Q: 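Below is the structure I would like to discuss, written out as structure tokens.
One is the number of the first residue; the rest follow in order along the sequence. Just so you know, these numbers come straight off a predicted model, no measurement behind them.
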Amino acid sequence: MESAASILESGIMKRSEGYDEWLGKGIYFFYNQKDAEWWCQQRAYPSPAILYADFNFINKVINLVYDYNDQEKFKEYCSAVKEKSEKLPGGKRRRNYMQLAINKLLYDAKKAEVFIDAIIAVFDENRKFWPKTGNFVVKFPILIGQIQICIFNSETINNLKIINEEA
């Protein structure tokens with residue numbers, strides 16, 4: 001809760017800076033409040049709070065949820081890095097290759113003077129209620145997932161407010 005109050009007061013949010021972030025190094029938001037609450041429980045944060053924000057995107061947003069061209073282009077970047085080392089600095093094993101693909105995409109965009117504000121993607125997380133195998137999938141062939149937004153340009157974040165002080 002102290003962190004949330006500090007963010008509201010200062011307007012400064014800490015970016016995720018790990019070597020194995022799903023959508024790269026940035027400020028993460030969940031589209032659905034229930035997913036944010038689930039994340040707080042998974043991480044066992046002491047006195048968590050959930051912040052709501054509006055976004056005013058100025059530049060490109062990579063939308064892996066529904067933009068076909070972005071999805072196709074992202075597959076190219078995934079293919080380009082799929083054979084890279086599994087080892088992270090410090091010897092840990094890479095959980096996924098997402099950040100490698102996104103880092104390459106962001107590097108190429110910067111070189112081409114294309115500015116990217118955010119990336120939006122869907123993940124198969126916190127959806128244990130939805131069957132993923134068997135006859136159910138054949139009868140109901142839909143992907144159900146959690147939407148995450150990773151902000152690279154913090155200037156696009158507006159109207160921050162606390163929506164849940166006891167996540």
Side-chain angles (χ1 to χ4, degrees), residues 3-4 6-33 35-40 42-45 48-127 132 143-161:
S3 294
S6 171
I7 289 167
L8 290 179
E9 190 175 302
S10 69
I12 298 171
M13 300 183 81
K14 184 179 170 193
R15 294 165 37 104
S16 290
E17 292 285 345
Y19 289 109
D20 215 9
E21 305 292 346
W22 285 14
L23 295 175
K25 296 177 180 185
I27 301 167
Y28 280 77
F29 290 88
F30 292 92
Y31 186 81
N32 186 296
Q33 181 178 334
D35 289 322
E37 291 168 357
W38 170 83
W39 182 249
C40 289
Q42 296 302 303
R43 301 294 282 222
Y45 290 125
I50 295 171
L51 293 175
Y52 169 87
D54 289 326
F55 306 109
N56 182 23
F57 297 123
I58 303 158
N59 303 297
K60 171 79 176 141
V61 173
I62 299 166
N63 192 321
L64 299 178
V65 176
Y66 64 77
D67 187 302
Y68 187 86
N69 292 329
D70 285 351
Q71 293 167 347
E72 260 192 340
K73 193 71 171 168
F74 186 66
K75 183 189 180 291
E76 291 174 23
Y77 280 96
C78 292
S79 295
V81 301
K82 69 181 180 188
E83 301 301 325
K84 297 285 183 184
S85 172
E86 288 186 359
K87 295 289 184 189
L88 291 168
K92 285 181 74 176
R93 250 185 113 181
R94 188 177 304 285
R95 290 178 302 165
N96 66 70
Y97 285 66
M98 292 282 295
Q99 185 166 325
L100 284 176
I102 289 167
N103 285 349
K104 181 163 178 39
L105 185 154
L106 293 173
Y107 175 81
D108 288 353
K110 186 175 183 178
K111 228 167 57 173
E113 296 186 9
V114 173
F115 302 101
I116 299 175
D117 285 344
I119 184 167
I120 301 170
V122 64
F123 293 94
D124 185 21
E125 292 290 326
N126 193 28
R127 297 298 184 273
K132 294 173 181 61
L143 301 176
I144 300 288
Q146 172 193 92
I147 296 175
Q148 293 183 25
I149 305 163
C150 181
I151 305 293
F152 303 120
N153 178 1
S154 62
E155 293 176 13
T156 65
I157 302 170
N158 299 299
N159 301 323
L160 276 173
K161 62 183 174 187

Q: Check this for me, if you would: do Lys73 and Asp67 make a salt bridge, where the nitrogen-to-carboxylate-oxygen distance has to be below 4.0 angstrom?
A: no
Q: Could you pull out the closest heavy-atom pair between Ile149 and Ala118, with the gap in Å?
A: CG2-CB, 4.4 Å
Q: If you define the side chain from C-beta out and look only at heavy atoms, does anything of Asn158 sit under 4.5 Å from Phe55?
A: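 No. Closest side-chain heavy atoms not under 4.5 Å.
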Q: What pair of heavy atoms forms the shortest contact from Cys40 to Ile50, and how long is it?
A: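 Cys40 and Ile50 have their closest heavy atoms at SG-CG1, 4.3 Å.
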Q: Is the NZ atom of Lys92 crowded by more than 12 outside heavy atoms at less than 6.0 Å?
A: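 No.
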Q: Does the side chain of Val122 reach to within under 4.5 Å of the side chain of Leu143, using non-hydrogen atoms?
A: no
Q: Got a second to check how far Glu83's CD is from Leu100's CG, nearest 0.5 Å?
A: 12.0 Å
Q: What's the shortest heavy-atom distance between Ile144 and Asp124, and which atoms?
A: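 Where Ile144 meets Asp124 most closely, the heavy atoms are O-OD1, 4.4 Å.
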Q: Is Asn159 reaching over with its side chain to a backbone N or O of Asp54, donor-acceptor style, under 3.5 angstrom?
A: no
Q: For Thr156 and Ile58, which heavy atoms make the closest approach, and how far apart are they?
A: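 Smallest interatomic distance, heavy atoms only, reads CG2-N, 4.4 Å.
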Q: Does the side chain of Phe152 come within less than 4.5 Å of Ile119's, by heavy atoms?
A: yes
Q: Taking atom CD of Gln42 as the centre, report whether more than 12 heavy atoms of other residues, nucleotides or ligands fall under 6.0 Å from it.
A: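 Yes, the 6.0 Å shell around CD holds more than 12 heavy atoms from other groups.
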Q: Does the side chain of Phe115 reach to within under 4.5 Å of the side chain of Asn153, using non-hydrogen atoms?
A: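 A side-chain contact is absent here, since even the closest heavy-atom pair is not under 4.5 Å.
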Q: Please determine whether side-chain contact (heavy atoms from CB on, under 4.5 Å) holds for the pair Ile151 and Met13, giving the CA-CA distance in whole Å, both sets of side-chain angles, and the decisive distance to 0.1 Å.
A: CA-CA 11 Å; Ile151 305 293; Met13 300 183 81; over 6 Å; no
Q: Side chains of Trp38 and Gln146: closer than 4.5 Å at any heavy-atom pair?
A: yes
Q: Report yes if the side chains of Tyr77 and Asp108 come closer than 4.5 Å at any heavy-atom pair, otherwise no.
A: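 A side-chain contact exists here, since the closest heavy-atom pair is under 4.5 Å.
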Q: Any chance you could measure Ile62, atom CD1, to Leu106, atom CG, to the nearest 0.5 Å?
A: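 Ile62 CD1 to Leu106 CG: 6.0 Å, rounded to 0.5 Å.
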Q: With rounding to the nearest 0.5 angstrom, report the CG to CD distance, Asn69 to Gln71.
A: 9.0 Å
Q: Please report the interatomic distance CD1(Ile102) to CD1(Ile116), rounded to the nearest 0.5 Å.
A: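 Here the interatomic distance stands at 10.0 Å.
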Q: Could you walk me through whether Trp39 and Gln148 pass the side-chain contact (heavy atoms from CB on, under 4.5 Å) check?
A: CA-CA 11 Å; Trp39 182 249; Gln148 293 183 25; 5.9 Å; no
Q: Are there over 12 heavy-atom neighbours, none belonging to Glu155, within less than 6.0 Å of that residue's CD?
A: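 No, the 6.0 Å shell around CD holds no more than 12 heavy atoms from other groups.
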Q: When you look at NZ of Lys75, are more than 12 heavy atoms from neighbouring residues, nucleotides or ligands closer to it than 6.0 Å?
A: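 Not more than 12 within 6.0 Å, no.
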Q: Could you pull out the closest heavy-atom pair between Lys104 and Ala80, with the gap in Å?
A: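 Here Lys104 and Ala80 meet closest at CE-CB, 4.1 Å.
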Q: Pairs of donor and acceptor atoms involving the side chains of residues 22-33, under 3.5 Å and at least two apart or interchain, shall be tabulated with distances.
A:
residue	atom	partner	partner atom	Å
Tyr28	OH	Leu23	N	2.8
Tyr28	OH	Gly24	N	3.2
Tyr28	OH	Gly24	O	2.8
Asn32	OD1	Lys34	N	2.7
Gln33	NE2	Glu37	OE2	2.9

Q: Using a distance-only test with no angle check, is there a side-chain donor-acceptor pair under 3.5 angstrom linking Asn126 and Asp35?
A: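 Yes, because at least one side-chain N or O of Asn126 sits under 3.5 Å from a partner of the opposite role on Asp35.
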Q: To the nearest 0.5 Å, how far apart are CZ in Arg15 and SG in Cys150?
A: 7.5 Å
Q: Measuring from Leu160:CG to Leu8:CG, what's the distance to the nearest 0.5 Å?
A: 6.0 Å
Q: Is a side-chain N or O of Asp117 found less than 3.5 angstrom from the main chain of Asn59, in a donor-acceptor match?
A: yes
